[in-house]
Amino acid sequence: MGVKIALIGKTNAGKTTIFNTVTGRNEPIGNYMFTTQNPVSGTTYVTSPCVHKEFGVIDNPINSKCIDGWRYIPIEIIDLPGLIKGASYGRGLGTRFLSEAMKADAFIHVVDASGSIDEDGRIAEPGTGDPFRDYQEIEGEIVQWYKNLLENNLDKILKKIETTKNEQQAINVVYETLAGVKITKLHIIQALEDMGVSVYDFRSMSDEKLWRLASLLRDISKPTLIVANKMDIPVADSGFKQLKDKIKDKIIVPVSANLELLLKRAEQKGTVRYNPAEENFLVIDSSNLSKDEKKALDFFNKFLIREMMRAGTQFALNVAVFKLLRMNVVYPVADPKKLSDKKGNVLPDAYLVPDGSTVKDLAEIIHSELAVGLLYAIDIRTGIRLPPTYRIKDRDVLHLVSATRKSK
Ligand SMILES: Nc1nc2c(ncn2[C@@H]2O[C@H](COP(=O)(O)OP(=O)(O)OP(=O)(O)O)[C@@H](O)[C@H]2O)c(=O)[nH]1
Ligand SMILES: [Mg+2]
């Protein structure tokens, strides 16, 4: 369990700078190609207004953090080695690391909006590159990766679908072949439906159709947010506009990973603090701010937040988790009076569950034994008994009652 997001994109786009910003880690960042050689996993957080105020209690979170009334709920983020055009036939580091990306629930596709990467991925004069071309080329490599996956398994799929006339079973065959890369049966059914074909059409699928199927599977199985990075470089403005004009079906969030990394480091020193309510940084100790930090603050708070409206890495993560993946936050409590776990920790855990998850699903997440004898849940806000089939709403506080095991 747990939400996992992978950073994908062209080499030098700034993936590791973003990774370090949001995890507080110190992985190598470089202005040369393929600085990141292997996937790196880290922990970061999404933010949601904590329920403790509403219930008039002081909380002591265990699985998450509560800062200034905001719950910081952990998610996993994976920094990946960069891609370049031709990666799917082995250029650069190739696409072998994409199998790691496939374990993620969603992608953040990082694009250098300032156009300071040339076609091959080298750092170049800002404005000489082409952010939209970069985006398209990298997406093309990813779709090609899916297509290769289908092609490499085509014989196996064909052989097996001949053994059954039952369409569901045939879909199962495709699913089993692709299960390792987090493609669900529903993804496959939806992709086939969108194409208007049946699973038996694998028998005579043209190259073009296979590409289309790969592309649909890519889109459906990995919701993607675009980060337009390097917004601190003036020409990035037009790169960002170009991306917005040409890509209508994706959310694009402007970011300056460099400046945010500077501010995160300042935050560690205690001179500034990120403020989730306003999505900006607050000054705590102006006497100790360096000139660069002041400039970064000004740019982030005035330009990115005021002019671009919504921006920054925290906003990007929140959008990915709450909008693209449609996650809800739920607080299970073992003691319905104290709102605590058995040890007395008040509002100890906040879980992310996909929209549509039921009380039963939540029980499974907490403990399989709890799920076996699950009777009902009590909605702490209203005192109402909710059946196991109740669909959890965002920021529900629930006490689960089970015949087999007490909730934690
Ligand atoms: N001006 C500016 N430069 C940035 C920004 N983000 C990253 N960079 C620079 O871009 C270069 C590449 O950054 P990385 O974070 O290593 O890029 P990457 O996408 O991880 O690259 P690979 O590991 O090769 O795939 C470095 O010189 C960074 O300092 C930004 O927001 N603004
Ligand atoms: Mg990197």
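FYI, side chains are in, hydrogens and waters are out, and symmetry mates aren't considered; it's all heavy atoms of this structure. First listed ligand is number 1; within each ligand, the first listed atom is number 1. Residues: numbered from 1 along the sequence shown. In this text, all values refer to a predicted model and were calculated from it rather than measured experimentally.
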Do any N/O atoms on L259 end up under 3.5 angstrom from N/O atoms on ligand 1? no

Using distance alone, decide if ligand 1 has a nitrogen or oxygen within less than 3.5 Å of any nitrogen or oxygen in D79. no

Below 3.5 Å, N or O to N or O, backbone or side chain included: is there any such pair between L80 and ligand 1? no

Within the 3.5 Å criterion, strictly below it, is a donor on R391 or T358 matched to an acceptor on the partner's side chain? no

For ligand 1, which atoms, with element, lie under 4.0 Å from some heavy atom of N31? 27 (O)

Of all protein heavy atoms, the one nearest atom 17 (O) of ligand 1 is G14 N, 3.1 Å

What is the closest protein heavy atom to atom 32 (N) of ligand 1, and at what distance does it sit? D232 OD1, 2.7 Å

Got a donor-acceptor contact below 3.5 angstrom from the D201 side chain to the S198 backbone? yes

Please write down residue, atom name and distance for the protein heavy atom closest to atom 26 (C) of ligand 1. G30 O, 3.5 Å

Answer yes or no: does an N/O atom from A257 fall short of 3.5 Å to an N/O atom of ligand 1? yes

Just checking, any donor-acceptor pair under 3.5 angstrom between side chains of T224 and R218? yes

Contact atoms of ligand 1, heavy-atom distance to S256 under 4.0 Å: 31 (O)

Please tell me whether S41 and E76 have a donor and an acceptor in their side chains that are separated by less than 3.5 angstrom. yes

Looking at atom 29 (O) of ligand 1, what's its closest protein heavy atom, distance included? N258 OD1, 3.4 Å

Nearest non-hydrogen contact to atom 10 (O) of ligand 1 from the set M231, M33, E260, K230 belongs to K230

Would you say the side chains of T313 and T21 form a donor-acceptor pair under 3.5 Å? no

Check the pair D118, T128 against side chain to side chain donor-acceptor pair (under 3.5 Å), reporting the backbone distance first and the verdict last. CA-CA 7 Å; D118 74 11; T128 58; over 6 Å; no

Ligand 1 to F34 polar contact by distance, N or O atoms, under 3.5 Å: yes

In terms of atom number and element, which parts of ligand 1 are under 4.0 angstrom from non-hydrogen atoms of G82? 25 (O)

Quick one about N328 and S357 (side-chain donor to acceptor, distance below 3.5 Å, no hydrogens or angles considered), yes or no? no

Can you tell me which residue among D379, D335, L386, I378 is in a side chain to side chain contact (heavy atoms under 4.5 Å, CB included) with H399? I378

Passing option when V333 is tested against V346, N345, V397 for side chain to side chain contact (heavy atoms under 4.5 Å, CB included): V397

Is there a donor in the side chain of S48 and an acceptor in the side chain of Y72, or the other way round, less than 3.5 Å apart? no

Do me a favour and list the nearest non-hydrogen protein atom to atom 24 (O) of ligand 1 with residue, atom name and distance? T11 OG1, 2.6 Å

Exam field: side chain K15 to backbone K10, donor-acceptor pair closer than 3.5 Å: yes

protein heavy-atom neighbour closest to atom 28 (C) of ligand 1 works out as I29 CG2, 3.7 Å

Under a 3.5 Å threshold, yes or no: a donor from one side chain and an acceptor from the other, between N148 and N152? no

Heavy-atom distance under 4.5 Å between the side chains of P61 and L347, does that happen here? no

Distance-only check: which donor-acceptor pairs under 3.5 Å involve side-chain atoms of residues 83-94, not counting sequence neighbours?
unit_1: S88; atom_1: OG; unit_2: E141; atom_2: OE1; d: 2.7
unit_1: R91; atom_1: NH1; unit_2: K85; atom_2: O; d: 2.8
unit_1: R91; atom_1: NH2; unit_2: D120; atom_2: OD1; d: 3.2

For the NZ atom on K53, are there more than 12 heavy atoms of other groups (residues, nucleotides or ligands in this structure) within a distance under 6.0 Å? no

If you have a sec, work out which protein heavy atom is nearest atom 7 (C) of ligand 1 and how many Å separate them, to one decimal? T17 OG1, 3.3 Å

Say whether P81, considering both its backbone and side-chain N or O atoms, lies within less than 3.5 Å of an N or O atom on ligand 1. no

Between ligand 1 and G9, can you find any atom pair, the residue atom being a heavy atom, that is separated by under 4.0 Å? no

To check your reading of the model: name the closest protein heavy atom to atom 25 (O) of ligand 1, its residue, and the distance in Å. K15 NZ, 2.9 Å

Report, in ascending order of atom number, the atoms of ligand 1 lying under 4.0 Å from any heavy atom of I233. 1 (N)

Would you list the protein N, O or S atoms within less than 2.8 Å of the Mg ion (ligand 2), leaving out water? T16 OG1, T36 OG1

Verify, without hydrogens or angle tests, whether D396 (side chain) and L398 (backbone) share a donor-acceptor contact under 3.5 angstrom. no

